[in-house]
Structures are given as structure tokens and as C-alpha cells.
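Down below is the structure, laid out as C-alpha cells.
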2 protein chains.
Amino acid sequence: MDEKAALAVFECLSSGVRLGVFRLLVKAEPVGIVAGDIAAALDVAPSSLSFHLRTMTQAGLLRVEQEGRFLRYRANLALMTEVVGFLTENCCSGVSGGCRDADLLSGGIPACGSSNPVRESKA
Amino acid sequence: MDEKAALAVFECLSSGVRLGVFRLLVKAEPVGIVAGDIAAALDVAPSSLSFHLRTMTQAGLLRVEQEGRFLRYRANLALMTEVVGFLTENCCSGVSGGCRDADLLSGGIPACGSSNPVRESKA
DNA sequence: TCGACACTTCCAAAGTTGTTGAAATATCGT
DNA sequence: ACGATATTTCAACAACTTTGGAAGTGTCGA
């Protein structure tokens, strides 16, 4: 992961429409959703949605597959793993004890029903 | 973490300057860096940097502390934990096996040479 | 082959963001 | 108190992003 790729991911997620698309597709894993249904769910004009889907696909955040007349989109969660790794690269310059939060970030994010985050005090 | 807060974080990291600031400050944890040194390290005009630092501080991504004439900035890595949690919320609709990537994201990110997994209860 | 459908591309208007330099504020050392 | 230093605020401007309608491409079913 290089800076340019990470920037593209953050640019994707910094629009309300695109963040909505990504969250919707994360929920819809591993099946995915076709473009028209995304447009309906988020109430976005088709041409506008198409613009956003293209941006996200180019950034690698979505994978797309043709199904007849439909295009089915799916979230690429693995890319988020890389992005977080990129952010925490070389963190704390090896100072012992300085990495408490980074450790939390790297090992403490439960998801998908196994458990849940939101633990912010440093105790 | 609500959508607005998450958007603010992604907006912060979607500018080259701000991403550079955050990565620099992640590396500089837990000491932090004063504004002038950030400007020098990244070769950004002071007024421009000030604009970005304010955006990031408002988003909660940075904490700032006055030291005489200087302002020392530090990264808030814990906020990233919340953001990743927000992204993977309700992922895969509980489909078994659908969460492979989200689990990877939540538990498989190496950082800082040590790992200290912390799994909490669901909310 | 045709018409209907799903989606994308093109274009111009509207809105948002980032940069700059100059002036303002606040703190320091003497 | 004064001048030097660190940083922020302000206003103007250029550059970029987002939007929606209309037209285009490709696929389906009869």
C-alpha cells in the first residue's frame, strides 16, 4: 500500500454517498447488490451513483461483476486492512508503551457479531 | 461513532497534506510535534498547515496542547479504532463465513512489533 | 428484429476546498 | 517595555468535486 492508494481510499469514504454505498455493501457481504438497488436504497440519481461507483471501483474499494444487464457490486474489506496497516506503519518509533492505541487498533476491533468495539478510555 | 463523525475523519485523511500530518504524528507518538516542526517536515506554508491542523483537531483526529509559544500536536489513534468499528458494523448480515475479511480487519493487523488483543463484549 | 430495461458517459451549472500573503494575537528573552 | 518568534485568522482566488438531465451502449425476452 502506497500513499496514493491510501489517499484514494480515504477520498472514497469522505463523501456521504460513497460512505453510504460502502456501508451498505459491507452489510450485504458476501452477496453484493446490483447498481439499481443501491440507487434505490440510498435515493441517489443513477448517473450520480454511477459516478461514485466508478470512483470506488477504481480505488479498489469495490469489486464489480456483470450479471446480464445488471452490475453487481461488492465491498473489498481486505483493502481496509491494508489501509489501517499503512496508517500505523512505523508508529511510535519503537518507544515501549507508546503503542497502546495502535495495539488496540490492530488487535481489538471485533466485528460481525463476535463482539463489539467502543472502548475508548485508556485504562 | 455516528456517520457525521466518521465522514469528518475520512475527509481529514483524504488530503495529501493531512494524511502526511497524521502519519508523521503516528510515528511521533507519544511525544507529538509542534506546529512549526510539522510545517518544516512536510514543507507546507504555516497558514496552510494551520488550516489543516484545525480541521483535524475539530474532527478529533489530533489533540493539541499549548507549550509556551508552541502548540504541540499528537495523533489520536483510538479514534481510528472507532472508525473501523463503524465501517464493519452489522457486516455480512450475520451470514456465517461471510466475515472472513472483516475478521481479518479486526484481528489481523500487525503494528508496532507487539500484539495485545483486547476483545470486549457486544453492544 | 424490436422495444424495454440497466447502467454508463457526457456536459454544464453549482457548490466546496485549498492556497496564498498580509495582518492579528500571544508568548518569550532581554 | 520592546522586538523577535510561533501560530492563527482573514479574504480573495484558483482548482476541484458533485449533481442531474439527455444521450449512448449493451443485454434481455418475445
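Naming: A, B, ... by sequence-line order, numbering from 1 per chain. Keep in mind that what you see is a predicted model, and the values were worked out from it rather than measured.
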Results of side chain to side chain contact (heavy atoms under 4.5 Å, CB included) for B:A45 - residues two or more places apart only = B:S48

inquiry  = Tell me which pairs pass salt bridge (charged side-chain N to carboxylate O under 4.0 Å, His left out) where either residue lies in residues 52-71 of chain A, with sequence neighbours left out.
reply    = A:E67-A:R72

ask   = Checking all strands, does A:V34 fall into the base, sugar-phosphate, or nothing category for heavy-atom contacts under 4.0 angstrom?
value = sugar-phosphate

note = Rounded to whole Å, the CG-C1' distance (A:L71 to D:dC28) equals 14 Å

query = Quick one: A:I38 CD1 to C:dT8 C1', roughly how many Å, whole number?
reply = 14 Å

request  = Using only side-chain N and O atoms of B:Y73, determine if any of them is under 4.0 Å from OP1 or OP2 of D:dT7.
outcome  = no

inquiry  = Output one letter per nucleotide in nucleotides 9-18 of chain C: B when a protein non-hydrogen atom lies under 4.0 Å from the base, S when only the sugar-phosphate is that close, - when neither is.
reply    = B--------B

remark   = Looking only at C:dT20, C:dC7, D:dT7, the nucleotide nearest the A:A35 side chain is C:dC7

ask   = Tell me: CG of A:L7 to P of D:dC16, nearest whole Å?
value = 15 Å

Length of the CG-C1' vector between B:L53 and D:dT8, whole Å = 11 Å

key: Co-members of the apolar cluster containing A:F70 [side chain, <4.5 Å]   = A:V34

ask   = Between atom CD in B:Q58 and atom P in D:dT8, what is the gap in whole Å?
value = 12 Å

Stacked cation flag B:R18 on A:F10, 6.0 angstrom / 45 deg = no

note = Readout for nucleotides 23-30 of chain C: B = base within 4.0 Å of protein heavy atom, S = sugar-phosphate only, - = neither; 5' to 3' it is ----BS--

task = Quick one: which residue pairs count as a salt bridge (charged side-chain N to carboxylate O under 4.0 Å, His left out) with a foot in residues 3-14 of chain B, not counting sequence neighbours?
result = none

task = Take A:L53 and A:L71 through the side chain to side chain contact (heavy atoms under 4.5 Å, CB included) test and state the conclusion after the steps.
result = CA-CA 11 Å; A:L53 292 176; A:L71 290 176; over 6 Å; no

ask   = side chain to side chain contact (heavy atoms under 4.5 Å, CB included) between B:L61 and B:L13: does it pass, once the steps are laid out?
value = CA-CA 9 Å; B:L61 216 39; B:L13 298 172; 3.8 Å; yes

ask   = Whole-Å distance between D:dA6 C1' and B:L49 CG?
value = 12 Å

remark   = Whole-Å distance, A:R72 CZ to C:dT8 P, equals 14 Å

remark   = Residues B:V26 and A:T88: closest non-hydrogen pair is CG1-CA, 4.2 Å

task = Provide, to the nearest angstrom, the distance between the CD1 atom belonging to B:I33 and the C1' atom belonging to D:dT7.
result = 16 Å

Between CZ on residue A:R74 and CG on residue A:L25, distance to nearest 0.5 Å = 10.0 Å

